[in-house]
Participant: 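First the structure, then my questions, so here it is.
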Amino acid sequence: MMGDRSGFGGIGGTGNAGGLDELNDLYEAIILDHYRSPRNTAPVDSPDIDLEVNNPFCGDEFHIQLKVDGDTVSQVGITGRGCAISQASASLLAELVEGKTSSEVRAAVSAFRRLLKGEEVSDEEMEKLGDIEALSGVRKFPVRIKCALLSWVGLGDALEEHLAK
Amino acid sequence: MMGDRSGFGGIGGTGNAGGLDELNDLYEAIILDHYRSPRNTAPVDSPDIDLEVNNPFCGDEFHIQLKVDGDTVSQVGITGRGCAISQASASLLAELVEGKTSSEVRAAVSAFRRLLKGEEVSDEEMEKLGDIEALSGVRKFPVRIKCALLSWVGLGDALEEHLAK
Amino acid sequence: MSTTGPGIDVSPANDVDIGRMLDVEAVRADFPILSRKINDRPLVYLDNAATTQKPRQVIAALTNFYEQTNANVHRGVHTLSIEATDAYELARTKVAKFINAPRPETVIWTRNTSESLNLVAATWANAHVGEGDNIVITAMEHHSNIVPWQQLAARKNAELRYLAVGKDGLLDMANIESIIDSRTKIVSVTHVSNVLGTVNPVAELANRAHEVGAVILIDAAQSVPHMPVDVQAIDADFLCFSAHKMLGPTGIGVLYGKYDLLDEMPPYMYGGDMILEVTYEDATWNDLPYKFEAGTPNIADAIATGAAVDYLSELGMENVWEHEQQLTAYGMDQISSLNHITIFGPEDPALKGGVISFVHDKIHPHDLGTALDQQGIAIRTGHHCAMPLVRSYGVVAAARASFYVYNTKTEIDALVDGIRETERYFVR
Amino acid sequence: MSTTGPGIDVSPANDVDIGRMLDVEAVRADFPILSRKINDRPLVYLDNAATTQKPRQVIAALTNFYEQTNANVHRGVHTLSIEATDAYELARTKVAKFINAPRPETVIWTRNTSESLNLVAATWANAHVGEGDNIVITAMEHHSNIVPWQQLAARKNAELRYLAVGKDGLLDMANIESIIDSRTKIVSVTHVSNVLGTVNPVAELANRAHEVGAVILIDAAQSVPHMPVDVQAIDADFLCFSAHKMLGPTGIGVLYGKYDLLDEMPPYMYGGDMILEVTYEDATWNDLPYKFEAGTPNIADAIATGAAVDYLSELGMENVWEHEQQLTAYGMDQISSLNHITIFGPEDPALKGGVISFVHDKIHPHDLGTALDQQGIAIRTGHHCAMPLVRSYGVVAAARASFYVYNTKTEIDALVDGIRETERYFVR
Ligand SMILES: Cc1ncc(COP(=O)(O)O)c(C=O)c1O
Ligand SMILES: Cc1ncc(COP(=O)(O)O)c(C=O)c1O
């Protein structure tokens with residue numbers, strides 16, 4: 001294609017068709033609920049994993065603490081500040097991983113990444129993600145995907161590192 | 001004026017209307033003659049003024065030597081290499097200044113500058129410039145004006161400096 | 001000042017509230033992008049401090065150059081090269097006139113304000129700042145006017161001093177005499193803050209700098225586009241700005257400097273046009289301004305910058321400023337009438353340029369940005385490349401609306417309605 | 001390789017001599033400036049080594065950007081900013097693919113080749129070249145690839161070594177083993193000479209550089225526009241070129257570098273996008289490629305460079321090269337058939353790119369340039385920013401005709417006729 005707009009051929013665009021209605025997809029009730037009342041915000045005593053994740057560009061920052069018993073995440077605390085998406089995503093993550101084995105967490109992080117990228121996620125995986133499905137509206141707002149992923153990527157990496165020790 | 005070509009309002013352009021005929025104005029017979037057979041190329045013995053002028057961008061370079069007796073230029077030698085314009089201009093200059101007083105040289109340099117810039121030159125001045133009028137075709141080729149001026153500016157400045165000593 | 005042409009209203013008052021001097025509708029008609037729809041809504045572009053939109057005259061300058069004149073400049077004897085050189089140098093002359101620079105050679109083309117600042121830090125300041133000397137900037141600088149000085153200070157064992165910003169958003173001028181002292185070599189300050197909008201007293205600072213023998217560099221990225229700026233009246237030693245923030249293209253900026261300062265400075269980059277003569281052993285430098293313009297310059301964008309300057313000159317910079325003052329006053333009024341809002345910077349709109357930065361108690365700036373975008377309204381959110389300043393307000397991000405010649409009160413109303421609409425989600 | 005679209009001829013052979021792969025007439029129709037008259041004659045543009053003309057697709061990329069998408073990139077959450085960022089990064093990806101760079105982040109946008117060269121000299125080389133080390137360049141470099149190294153060598157007390165150029169216009173490779181030695185830190189060579197046209201054996205030089213632990217920088221200003229270049233196949237550590245010499249806009253160039261080298265390098269300029277975090281005390285750098293892109297980038301011209309790369313890719317770089325080879329062979333043949341002419345550089349057209357530099361015994365290059373311009377023919381005259389090389393031929397100026405995709409044999413005929421016409425004045 002060498003048409004007049006060839007310089008623009010592959011623009012990703014925002015991918016959303018427009019109007020305020022789209023916002024309903026992004027800010028579902030579940031997300032607003034987790035944003036306003038984040039779960040698992042209590043500090044964890046002598047955590048096995050204790051990390052700060054942040055995105056200096058938007059200022060989101062979260063403090064993630066985990067207790068790991070053998071192969072199981074026994075306790076989670078996540079506090080911080082960020083936009084509705086990063087905040088709700090962190091809260092949903094905390095809720096999800098508590099009591100899960102490392103391989104379950106790994107699987108969840110992988111499925112969540114795929115969900116946001118619009119790649120294939122099986123029904124079984126979807127079911128395990130539970131309420132987190134509410135975040136799939138973020139797909140229509142690609143620039144906000146990094147908000148949704150911030151704590152997930154941090155926690156996933158930290159857990160791998162911890163287990164590798 | 002805020003029209004579509006406002007960015008171009010003041011382009012000087014080449015100022016020449018076009019075609020090969022214009023070249024006849026630039027390369028008049030007198031100029032070609034001085035280019036092929038430059039005058040006053042013999043070196044001057046123990047010159048009072050001895051200077052090199054050059055334009056590194058086009059590579060023109062001239063070696064100008066003068067003997068000055070009191071207030072009069074008694075002997076001139078100019079050698080060098082350059083385009084037809086700079087070469088002919090140097091040769092015409094050499095011819096002109098020999099035997100002239102400093103104020104006559106000063107007047108000639110001033111008149112020549114004005115001639116090339118398209119400013120007013122009196123009939124009397126024109127007459128004094130003589131064959132040099134042939135260089136007035138350079139006006140139509142503004143980018144070549146510096147070729148025509150190269151040796152004149154150098155010699156004029158050097159003479160002033162010499163006399164100020 | 002001309003009073004004809006698009007965007008100029010010669011009738012005394014066609015709209016009693018605004019646009020007395022500027023016919024905004026005529027201006028808007030010159031900007032093709034303003035007819036774009038965003039998410040099915042008309043575009044309301046309020047991100048002008050980041051970059052401005054371009055009128056058709058500027059776009060046409062680019063198109064015309066590439067369709068009719070394009071050639072490399074300097075040293076060419078063919079027609080296109082001569083025309084391109086003339087147009088390129090004419091643009092420099094226009095810019096010089098626009099800021100009242102005494103000579104065109106004192107206008108150096110760079111890529112942007114950031115490069116202009118880096119150039120001065122790497123040449124003049126690198127040669128003049130020594131151990132124990134100090135460099136003075138302010139607490140409200142853009143990163144581009146902080147980091148080059150941090151690096152220089154570290155390299156030279158010099159001190160980097162900050163003029164403080166008060167709670168009122170104004171520069172604390174009380175102790176400039178102790179901060180700008182005999183060991184100060186350069187004072188580098190923003191003319192107008194891109195976060196607070198604050199207009200700083202640059203002439204006064206220049207005065208103090210000169211008293212102690214220092215030079216003053218003015219980051220005019222947010223002033224030259226918006227108000228009349230006269231480098232000689234301010235007595236600026238150096239002054240920087242970017243074309244893309246003043247209706248011009250991306251990729252080109254300006255460094256103005258006093259002739260004698262520029263003339264004694266070492267070059268910044270080497271090659272191409274900046275050279276007079278090269279041998280295998282050595283090289284000599286060309287005269288100003290070329291000494292600072294290595295390689296093929298951004299010819300087309302320089303020429304288009306000339307067109308931007310023409311456009312602004314036609315409007316008249318007094319009118320541009322007046323228009324923005326009116327929008328700012330109206331915007332401050334409207335935005336501050338909302339609940340949950342804190343505005344940063346001077347409260348008095350007369351003390352600031354057309355920039356309103358704010359935070360909302362209940363809505364994170366990014367959520368607000370996304371929600372407004374759904375309504376076609378473009379604002380900027382984040383730290384605005386002024387992290388330390390934004391953090392000093394206890395936040396890491398803020399929302400910012402910033403205005404230009406084509407903005408209207410109606411657009412400010414849309415912004416305010418848009419914030420209200422967003423509150424539906426976030427405020428219970 | 002695609003075989004549709006303007007400029008591509010799918011029929012096997014519509015012109016037995018030339019244009020077998022490239023439909024030159026279709027290409028020419030894409031270049032608005034080619035219908036311009038110069039001094040009443042059709043423009044014959046043979047100054048392509050200085051800068052090339054632009055097809056409507058590139059001009060349209062600029063216009064479309066400014067009319068529909070313009071915004072500042074990165075960090076914006078509004079639609080225009082997101083679209084602008086995507087388009088800007090897509091252009092980087094296109095350029096990366098064009099030179100077969102392994103990752104888009106290894107493509108840094110600069111202003112031009114000259115800035116790219118200065119960047120490497122001021123960062124990588126400044127950090128790695130020490131006293132007693134040496135830097136190797138060639139005797140046929142452009143000033144931009146000489147002077148930064150002269151300056152660095154002087155500053156570091158290092159040695160600047162030149163690979164010689166033989167009478168045949170080829171690099172003297174006989175003693176590269178002694179010249180590029182264990183103290184060599186960087187070898188910086190032009191891929192194709194802008195004066196002689198010589199294509200240098202850069203892969204071989206890279207090999208030798210790597211043998212001694214040096215890095216190789218390739219000045220590809222005259223190669224990337226004209227032939228397929230694969231940075232991985234050459235094993236280039238750094239490679240530089242300018243968009244304006246390859247159908248793209250002025251004001252933008254590229255520095256390619258191996259990821260690990262770029263990653264360990266200090267920044268060149270500070271501010272804006274190149275920063276990760278700033279406090280009043282200190283700053284940390286962003287990742288590649290942003291670490292090297294301070295301030296608002298040249299967004300529009302980057303996107304237009306993507307359009308230029310698209311255009312060239314559609315034509316196919318093998319076809320571009322083949323076309324120029326045919327023109328060069330024809331041009332060498334025709335020009336050398338004239339009296340009084342000396343051509344510089346390799347005699348065998350297969351050893352050179354589309355550049356023919358020559359002098360005429362009886363006509364000074366500037367007189368020839370002016371006379372040809374009267375006939376609508378644009379060539380370059382002078383030292384071509386390679387003074388030491390041009391002087392080594394015993395002259396201070398030469399005439400140069402250089403070709404590109406839109407040039408034809410007919411235009412070469414016009415040049416030759418033009419020279420003959422000029423001889424009427426100068427040759428008795
Ligand atoms: C071989 C070579 N290197 C470097 C350059 C400098 O390119 P630019 O002027 O775009 O920086 C040129 C341009 O003439 C060139 O031909
Ligand atoms: C005050 C100020 N200084 C400097 C800059 C940097 O300008 P640029 O990104 O064009 O280099 C900006 C742009 O945001 C600014 O607002």
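Lettering of chains follows the sequences in order, A, B, ..., and the numbering in each one begins at 1. For clarity, every value in this text was computed on a predicted model and none was experimentally measured.
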Participant: State, to 0.1 Å, how close D/D301 and C/T250 come at their nearest heavy-atom pair, and which atoms those are.
Facilitator: OD2-O, 4.2 Å
Participant: Count the heavy-atom pairs under 4.5 Å between each of C/R380, C/E141, C/H383 and chain D, then report the option with the highest count.
Facilitator: C/R380
Participant: May I ask you to decide whether C/E277 forms a salt bridge with D/R391, counting only side-chain N to carboxylate O separations under 4.0 Å?
Facilitator: yes
Participant: Using a cut-off of under 4.5 Å for heavy-atom pairs, which of C/I379, C/T63, C/L80, C/T381 has the most such pairs with chain D?
Facilitator: C/L80
Participant: Can you say whether C/L34 sits under 4.5 Å from chain D via the side chain, the backbone, both, or neither, judging by heavy atoms?
Facilitator: neither
Participant: Is D/D273 reaching over with its side chain to a backbone N or O of D/A294, donor-acceptor style, under 3.5 angstrom?
Facilitator: no
Participant: Between C/K245 and C/A49, is there a donor-acceptor pair closer than 3.5 Å when you use the side chain of the first and the backbone of the second?
Facilitator: yes
Participant: Considering only heavy atoms, which portion of C/W285 lies under 4.5 Å from any heavy atom of chain D: side chain, backbone, both, or neither?
Facilitator: side chain
Participant: Answer with side chain, backbone, both or neither: which region of D/E281 has an atom nearer than 4.5 Å to a non-hydrogen atom of chain C?
Facilitator: backbone
Participant: Is there a donor-acceptor pair closer than 3.5 Å between any side-chain N or O of C/H364 and the backbone N or O of C/H366?
Facilitator: yes
Participant: So, do C/E293 and C/M274 sit near enough that their side-chain heavy atoms are less than 4.5 Å apart?
Facilitator: no
Participant: Go through D/I252, D/D282, D/L160, D/T113 and name the one with the most non-hydrogen pairs under 4.5 angstrom from chain C.
Facilitator: D/D282
Participant: Where does C/Q53 contact chain D at under 4.5 Å (heavy atoms): side chain, backbone, both or neither?
Facilitator: both
Participant: Is there a donor-acceptor pair closer than 3.5 Å between any side-chain N or O of D/D219 and the backbone N or O of D/S188?
Facilitator: no
Participant: Pick whichever of C/A302, C/A283, C/P148, C/S81 has the most heavy-atom pairs under 4.5 Å with chain D.
Facilitator: C/P148
Participant: Any sub-3.5 Å donor-acceptor pair from C/E115's side-chain atoms to C/R111's backbone N or O?
Facilitator: yes
Participant: Mind checking whether D/H143 and C/I275 have side chains closer than 4.5 Å, heavy atoms only?
Facilitator: yes
Participant: Do C/M387 and C/I146 come close enough that some side-chain heavy atom pair is under 4.5 Å?
Facilitator: no
Participant: Would you say the side chains of D/H244 and D/N112 form a donor-acceptor pair under 3.5 Å?
Facilitator: no
Participant: Do side-chain atoms of D/N194 reach the backbone of D/H142 as a donor and acceptor pair under 3.5 angstrom?
Facilitator: no
Participant: When heavy-atom pairs shorter than 4.5 Å are enumerated against chain D, which of C/I137, C/D47, C/V278, C/T52 gives the highest number?
Facilitator: C/V278
Participant: Checking heavy atoms, do the side chain of C/R36, its backbone, both or neither come under 4.5 Å from chain D?
Facilitator: side chain
Participant: Is it the side chain or the backbone of D/V73 that comes within 4.5 Å of chain C heavy atoms, both, or neither?
Facilitator: backbone
Participant: With a 4.5 angstrom heavy-atom cut-off, is it the side chain or the backbone of C/Y280 that approaches chain D, or both, or neither?
Facilitator: both
Participant: Under a 4.5 Å heavy-atom cut-off, does chain C meet the side chain of D/I299, its backbone, both or neither?
Facilitator: both
Participant: Need one label for C/S35: side chain, backbone, both or neither, based on atoms under 4.5 Å from any heavy atom in chain D.
Facilitator: neither
Participant: Check for a donor-acceptor pair, side chain of D/N298 on one end and backbone N or O of D/G251 on the other, with a separation under 3.5 Å.
Facilitator: yes
Participant: Under 4.5 Å from any heavy atom of chain C, what part of D/A139 do you find: side chain, backbone, both or neither?
Facilitator: both
Participant: Highest number of heavy-atom pairs under 4.5 Å with chain D: which of C/A122, C/S114, C/S144, C/G271?
Facilitator: C/S144
Participant: Answer with side chain, backbone, both or neither: which region of C/H74 has an atom nearer than 4.5 Å to a non-hydrogen atom of chain D?
Facilitator: backbone
Participant: Determine the option with the most heavy-atom pairs under 4.5 angstrom with chain C, choosing from D/T51, D/L117, D/L372.
Facilitator: D/T51
Participant: Between C/P297 and chain D, which part of the residue has a heavy atom less than 4.5 Å away: side chain, backbone, both or neither?
Facilitator: backbone
Participant: Evaluate the criterion side chain to side chain donor-acceptor pair (under 3.5 Å) for residue pair C/N72 and C/T296; output intermediate values, then yes/no.
Facilitator: CA-CA 7 Å; C/N72 212 326; C/T296 300; 3.1 Å; yes
Participant: Let me know if C/T370 has heavy atoms under 4.5 Å from chain D in its side chain, its backbone, both or neither.
Facilitator: both
Participant: Between C/N70 and chain D, which part of the residue has a heavy atom less than 4.5 Å away: side chain, backbone, both or neither?
Facilitator: both
Participant: Need one label for C/Y45: side chain, backbone, both or neither, based on atoms under 4.5 Å from any heavy atom in chain D.
Facilitator: side chain
Participant: Using non-hydrogen atoms only, which part of C/E67 is less than 4.5 Å away from chain D: side chain, backbone, both, or neither?
Facilitator: both
